[in-house]
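Below is one structure; the comments refer to it alone.
Keep in mind the model is a prediction, meaning the values are calculated, not measured. For the numbers below, each heavy atom of this structure counts, side chains included, while hydrogens, waters and symmetry mates do not.
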Amino acid sequence: MKLPLDILPEVRRAFAANRPVVALESTLITHGMPWPGNLETARAASDAVRGVGGVPATVLVEGGFLRIGLPAERVESLARDGVGVAKLSRADLAAYLATGRTGATTVAATMVAAHAAGIEVFATGGIGGVHAGAETSFDISADLHELARTPVAVVAAGAKAILDLPKTLELLETLGVPVIGHGTDVFPAFWSRESGLRAPLRADSPAEIAAILRTHGAIGGGGLLVANPVPAEHEVPAARLAPLIAQAQAEAVAEGVTGKAVTPWLLARLAALTEGRTLDANRALIVDNARLATRIAAELCRPF
Ligand code: PSU
Ligand code: MN
């Protein structure tokens with residue numbers, strides 16, 4: 001059977017005119033931030049894509065379709081519904097599609113949808129990865145395996161700093177995923193520009209990243225991670241965050257938070273512990289990632 005896609009007319013027209021299209025995820029809206037900052041961030045990301053000549057395509061599972069691109073009203077109602085909406089990874093997609101239920105897509109599920117629709121670039125905040133304590137919990141985001149298999153460039157400010165970043169980089173290497181620092185030799189840590197770890201690869205322009213994606217495809221590779229540091233004026237320094245992240249991680253264990261709830265819980269806790277500074281950084285980095293993703297997508301629109 002063919003995957004049922006419901007592509008927004010604006011996105012269809014962009015394909016027909018060979019204009020850059022950038023996929024955006026919906027879990028970020030429903031589970032990544034509280035109302036109304038989530039709506040403002042979603043709007044700002046879409047505006048950022050349009051501001052540099054692209055068309056945003058926010059992905060959602062609904063009515064038996066993978067929706068590629070959403071009208072503004074649907075983005076708003078999603079933002080209002082928040083964590084009441086299901087959070088879908090690759091493993092959940094078939095069940096939700098087959099039964100016509102609604103669900104927001106994570107990085108992994110958004111990559112599946114983007115690829116099915118022919119979109120090569122996707123912007124988000126930070127990917128999921130290996131959680132602290134994974135050696136006993138086995139909690140490793142499906143985002144990593146999706147990057148290994150699905151040929152989409154994911155532009156993110158690294159992996160979320162609530163994760164075990166050294167293990168996340170190790171696993172990405174094992175899985176054959178190119179991790180490319182954009183304009184940096186340092187792997188960024190989501191809300192902070194520096195993680196203390198080296199970025200395995202570096203590229204300094206959208207054209208270079210587009211060329212790497214094409215070449216990675218030629219060797220039979222899957223996706224790649226473009227690690228774009230949060231703009232300096234919005235970063236929360238890693239040294240300030242480190243004790244708060246450790247505190248939040250310990251609290252999550254003490255409260256028995258597991259599975260899909262872990263990431264949203266930790267993000268919300270860090271927002272509270274920093275009086276919203278992580279939310280400001282989160283919004284700024286998503287907007288910056290959306291812009292870079294559009295520039296990469298524009299390069300991919302040129303004949304190769
Ligand atoms: N990036 C953000 N905020 C988020 C996420 C990413 O800035 O909330 C979401 C993405 O949807 C990502 C998910 O795929 O968190 C990871 O969840 P998990 O660790 O359960 O795989
Ligand atoms: Mn998990």
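- The pair R67-E62 meets the salt-bridge criterion, with a side-chain N (NZ, NE, NH1 or NH2) lying under 4.0 Å from an Asp/Glu carboxylate O.
- Distance alone, capped at 3.5 Å, places no donor-acceptor pair between the D81 side chain and the G84 backbone.
- When all heavy atoms of G69 and V11 are compared, the pair lying nearest together is CA-CG2, 4.2 Å.
- Nearest heavy-atom pair, V21 versus A14, reported as atom, atom and distance to 0.1 Å: CG2-CB, 3.6 Å.
- Distance alone, capped at 3.5 Å, places no donor-acceptor pair between the S192 side chain and the E194 backbone.
- Cluster membership check: L266 does not share its hydrophobic cluster with V83, using side-chain heavy-atom separations under 4.5 Å among Ile, Leu, Val, Met, Phe, Trp and Tyr.
- The closest side-chain heavy-atom distance from I212 to L201 is not below 4.5 Å.
- Counting heavy atoms from C-beta outward, L163 and V130 have side chains that stay 4.5 Å or more apart.
- Results of the side-chain hydrogen bond (donor to acceptor under 3.5 Å, both in side chains) test with H182 over D204, N228, D288 single out N228 as the only residue that passes.
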request  = Could you walk me through whether L93 and V61 pass side chain to side chain contact (heavy atoms under 4.5 Å, CB included), step by step?
outcome  = CA-CA 8 Å; L93 278 179; V61 172; 3.6 Å; yes

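- Taking OG1 of T168 as the reference point, atom NE2 of H131 lies at 8.5 Å (rounded to 0.5 Å).
- Here the rule is side-chain contact (heavy atoms from CB on, under 4.5 Å) with L285, and of T124, V230, D280 only V230 fits it.
- F15 is not connected to I296 by any chain of hydrophobic side-chain contacts under 4.5 Å among Ile, Leu, Val, Met, Phe, Trp and Tyr, and they are in different clusters.
- Judged purely by atom type and a 3.5 angstrom limit, T150 has no side-chain atom pairing as donor or acceptor with the backbone of V152.
- With contacts defined as side-chain heavy-atom distances shorter than 4.5 Å, the pair L213/L300 qualifies.
- With T136 contributing its side chain and G133 its backbone, the two residues share a donor-acceptor pair below 3.5 Å.
- To the nearest 0.5 angstrom, S89 atom OG is 11.0 Å from H145 atom NE2.
- Contact between L78 and S26 at its shortest, heavy atoms only, is CD1-CB, 4.0 Å.
- In this structure, P264 and K87 approach most closely via the heavy-atom pair CD-NZ, 3.8 Å.
- In this structure, E275 places its CD atom where only 12 or fewer heavy-atom neighbours from other residues, nucleotides or ligands lie under 6.0 Å away.
- When all heavy atoms are compared, the tightest approach of L225 to V177 is N-CG1, 4.1 Å.
- Here the CE atom belonging to M33 is positioned 8.5 Å from the CG atom belonging to L267, to the nearest 0.5 angstrom.
- Remark: F122 CZ to T110 OG1 distance equals 4.0 Å, nearest 0.5 Å.
- Between the side chain of T274 and the backbone N or O of T278 there is at least one donor-acceptor pair closer than 3.5 Å.
- Connection of L39 to V85 is established within a shared hydrophobic cluster, with ILVMFWY side chains joined at heavy-atom distances below 4.5 Å, either directly or through further cluster members.
- Taken from CZ in F187 to CG in L172, the straight-line distance is 7.0 Å, to the nearest 0.5 Å.
- Separating the CG atom in L292 from the CD1 atom in I209 is a distance of 5.0 Å, to the nearest 0.5 Å.
- Taking the side chain as every heavy atom from C-beta outward, T258 and S137 never approach each other to under 4.5 Å.
- Counting heavy atoms from C-beta outward, V179 and L224 have side chains that stay 4.5 Å or more apart.
- Every pair passing salt bridge (Lys or Arg N to Asp or Glu O under 4.0 Å) that includes a residue from residues 239-255 is listed here, sequence neighbours excluded: E251-R269.
- Exactly one of D139, D92, T27, T106 qualifies for a side-chain hydrogen bond (donor to acceptor under 3.5 Å, both in side chains) with K260. That residue is D92.
- Using a cutoff of 4.0 Å between basic side-chain nitrogens and carboxylate oxygens, R50 and E10 are scored as salt-bridged.
- Using a 4.5 Å cut-off on side-chain heavy atoms (C-beta onward), M111 and V107 make contact.
- Residue pairs meeting the side chain to side chain donor-acceptor pair (under 3.5 Å) criterion with at least one partner in residues 30-44, sequence neighbours excluded, are R43-E76.
- With contacts defined as side-chain heavy-atom distances shorter than 4.5 Å, the pair E120/P151 does not qualify.
- Shortest non-hydrogen contact noted between V262 and V257 is CG2-O, 3.7 Å.
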ask   = Passes side chain to side chain contact (heavy atoms under 4.5 Å, CB included), V59 versus E25? Steps please.
value = CA-CA 6 Å; V59 171; E25 60 158 307; over 6 Å; no

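- Side-chain N/O atoms of T294 and R291 include no donor and acceptor closer than 3.5 Å.
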task = Check the pair I68 / D6 against side chain to side chain contact (heavy atoms under 4.5 Å, CB included), numbers first and verdict last.
result = CA-CA 6 Å; I68 310 293; D6 176 12; over 6 Å; no

ask   = Going through the distances and angles, do W191 and L241 end up as a side chain to side chain contact (heavy atoms under 4.5 Å, CB included)?
value = CA-CA 9 Å; W191 304 296; L241 279 176; 3.7 Å; yes

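- Side-chain atoms of R149 and R90, non-hydrogen and from C-beta on, do get closer than 4.5 Å to each other.
- The cluster map of Ile, Leu, Val, Met, Phe, Trp and Tyr, joined by side-chain heavy atoms under 4.5 Å apart, puts V287 and V155 in different clusters.
- Under a hydrophobic clustering in which Ile, Leu, Val, Met, Phe, Trp and Tyr are joined whenever their side-chain heavy atoms come within less than 4.5 Å, directly or via other members, V121 and V226 fall into the same cluster.
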